[in-house]
Amino acid sequence: MTETAAAPAQPFTLRRARTGDVAAIKRLVAPLAERRILISKESVAYYEAIQEFRVAEAPDGELVGCGALHVMWEDLAEIRTLAAADTWRGRGVGHALVEQLLQEAHDVGVQRVFCLTFEVGFFERHGFEVMADQSGVDPEVYSELLRSHDEGVAEFLDLARVKPNTLGNTRMIRWLHGRARE
């Protein structure tokens with residue numbers, strides 16, 4: 001009789017973020033914002049979007065990662081503010097968060113998930129591809145999206161007004177339900 005080694009248990013749990021997590025989310029983002037990997041936001045922005053966030057929590061209650069899924073349109077969402085504590089990088093936090101957010105995107109019926117990232121290889125391992133210059137939306141949807149005040153929508157559409165705020169990261173996309181273009 002042979003025994004197979006069980007996969008080690010995840011040393012953290014994923015859960016929905018709560019308003020009490022905002023300070024910890026800001027602490028996770030701060031070093032990445034200092035390195036110009038993520039853009040720092042005001043607390044009010046995190047509170048307004050708290051329902052979009054999932055967090056990774058260590059057994060001692062410390063938040064060791066976060067990420068958000070922001071729905072932009074009927075078939076389009078963005079993974080935002082994906083961060084892991086430096087001491088937890090390489091331990092599966094980012095992977096688990098991305099997989100959770102992709103599952104949630106699938107569950108609400110989104111077909112495409114977009115991200116802006118410097119971690120191209122990481123997102124490629126999760127099935128994302130570098131986006132072509134075209135946003136891949138029809139003209140009617142494009143005109144509707146132009147009405148949004150959301151910077152993520154502007155970044156997805158590659159609008160010139162966000163160029164000064166962009167950190168030089170790469171626009172990537174993943175199709176969840178096959179490539180149903182044109």
Side-chain angles (χ1 to χ4, degrees), residues 6-35 37-119 122-128 145 148-156 165 167 169 171-177:
Q10 246 177 215
F12 56 87
T13 57
L14 297 183
R15 65 171 174 79
R16 294 178 75 79
R18 300 185 285 258
T19 57
D21 296 328
V22 167
I25 290 170
K26 287 185 70 158
R27 282 193 297 275
L28 285 168
V29 170
L32 297 169
E34 287 173 16
R35 294 194 304 257
I37 294 170
L38 290 178
I39 295 175
S40 177
K41 298 176 186 171
E42 298 296 329
S43 294
V44 68
Y46 293 114
Y47 284 114
E48 289 174 343
I50 199 68
Q51 71 281 1
E52 299 178 351
F53 274 86
R54 299 299 171 264
V55 294
E57 185 175 38
D60 64 2
E62 174 191 10
L63 289 194
V64 297
C66 65
L69 180 73
H70 179 74
V71 176
M72 302 166 116
W73 197 253
E74 176 184 10
D75 67 340
L76 179 67
E78 178 186 11
I79 288 181
R80 296 180 167 183
T81 319
L82 184 67
D86 283 341
T87 56
W88 282 80
R89 286 184 63 112
R91 295 174 65 183
V93 172
H95 169 77
L97 284 163
V98 167
E99 289 303 313
Q100 176 67 37
L101 296 170
L102 289 171
Q103 182 60 52
E104 291 178 17
H106 178 270
D107 291 348
V108 298
V110 168
Q111 293 178 5
R112 299 174 293 169
V113 179
F114 154 76
C115 69
L116 285 171
T117 185
F118 287 106
E119 302 291 339
F122 172 83
F123 280 96
E124 283 177 337
R125 288 189 299 278
H126 288 89
F128 284 76
L145 288 172
S148 174
H149 297 289
D150 186 271
E151 291 301 306
V153 171
E155 290 162 342
F156 174 76
N165 298 327
L167 304 172
N169 36 15
R171 297 164 62 226
M172 299 186 78
I173 198 158
R174 175 168 167 184
W175 291 80
L176 300 181
H177 304 289

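Each residue takes its place number in the sequence, starting with 1.
- Between Thr81 and Tyr46 the shortest side-chain heavy-atom distance falls below 4.5 Å.
- Pairing each heavy atom of Phe12 with each of Gly92, the nearest pair is CZ-O, 3.5 Å.
- In this structure, Phe128 and Leu102 have side chains that are in contact, with non-hydrogen atoms separated by less than 4.5 Å.
- Taking both residues in full, the closest heavy atoms of Trp175 and Arg112 are given as CH2-CD, 3.2 Å, listed atom of the first, atom of the second, then distance.
- One distance of note links CD of Glu74 with CD of Gln111; it measures 7.5 Å at 0.5 Å rounding.
- Distance check: Glu42 CD to Tyr47 OH gives 12.5 Å after rounding to the nearest 0.5 Å.
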Show which side-chain atoms of residues 52-65 pair as donor or acceptor with protein atoms under 3.5 Å away, not counting sequence neighbours.
unit_1: Glu52; atom_1: OE1; unit_2: His70; atom_2: ND1; d: 3.3
unit_1: Glu52; atom_1: OE2; unit_2: His70; atom_2: ND1; d: 2.7
unit_1: Arg54; atom_1: NE; unit_2: Glu104; atom_2: OE1; d: 3.2
unit_1: Arg54; atom_1: NE; unit_2: Glu104; atom_2: OE2; d: 2.7
unit_1: Arg54; atom_1: NH1; unit_2: Gln51; atom_2: O; d: 3.3
unit_1: Arg54; atom_1: NH2; unit_2: Glu104; atom_2: OE1; d: 3.0
unit_1: Glu57; atom_1: OE1; unit_2: Arg15; atom_2: NE; d: 3.1
unit_1: Asp60; atom_1: OD1; unit_2: Glu62; atom_2: N; d: 2.9

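- Distance CD1/Ile25 to OG/Ser43: 10.5 Å, rounded to 0.5 Å.
- Residue pairs that meet the ring-ring contact (aromatic ring centres under 6.0 Å, His included) test with at least one member in residues 91-110, sequence neighbours left out, are His95-His126, His106-His177.
- Pairs passing the salt bridge (charged side-chain N to carboxylate O under 4.0 Å, His left out) check and including a residue from residues 81-95, sequence neighbours excluded, read Arg35-Asp86, Arg89-Glu119.
- Of all heavy-atom pairs spanning Ile50 and Ala17, the tightest one is CD1-CB, 3.7 Å.
- Of all heavy-atom pairs between Ala83 and Leu97, the closest is O-CD1, 4.3 Å.
- Rounded to the nearest 0.5 Å, atoms CG (Leu14) and CD (Glu99) are 11.0 Å apart.
- The CZ atom of Phe122 lies 5.5 Å from the CG atom of Leu82; values are rounded to the nearest 0.5 Å.
- Checking each of Thr117, Leu116, Val29 against Leu38 for a side chain to side chain contact (heavy atoms under 4.5 Å, CB included) leaves exactly one that passes, namely Val29.
- When all heavy atoms are compared, the tightest approach of Val110 to Asp75 is CG1-O, 3.6 Å.
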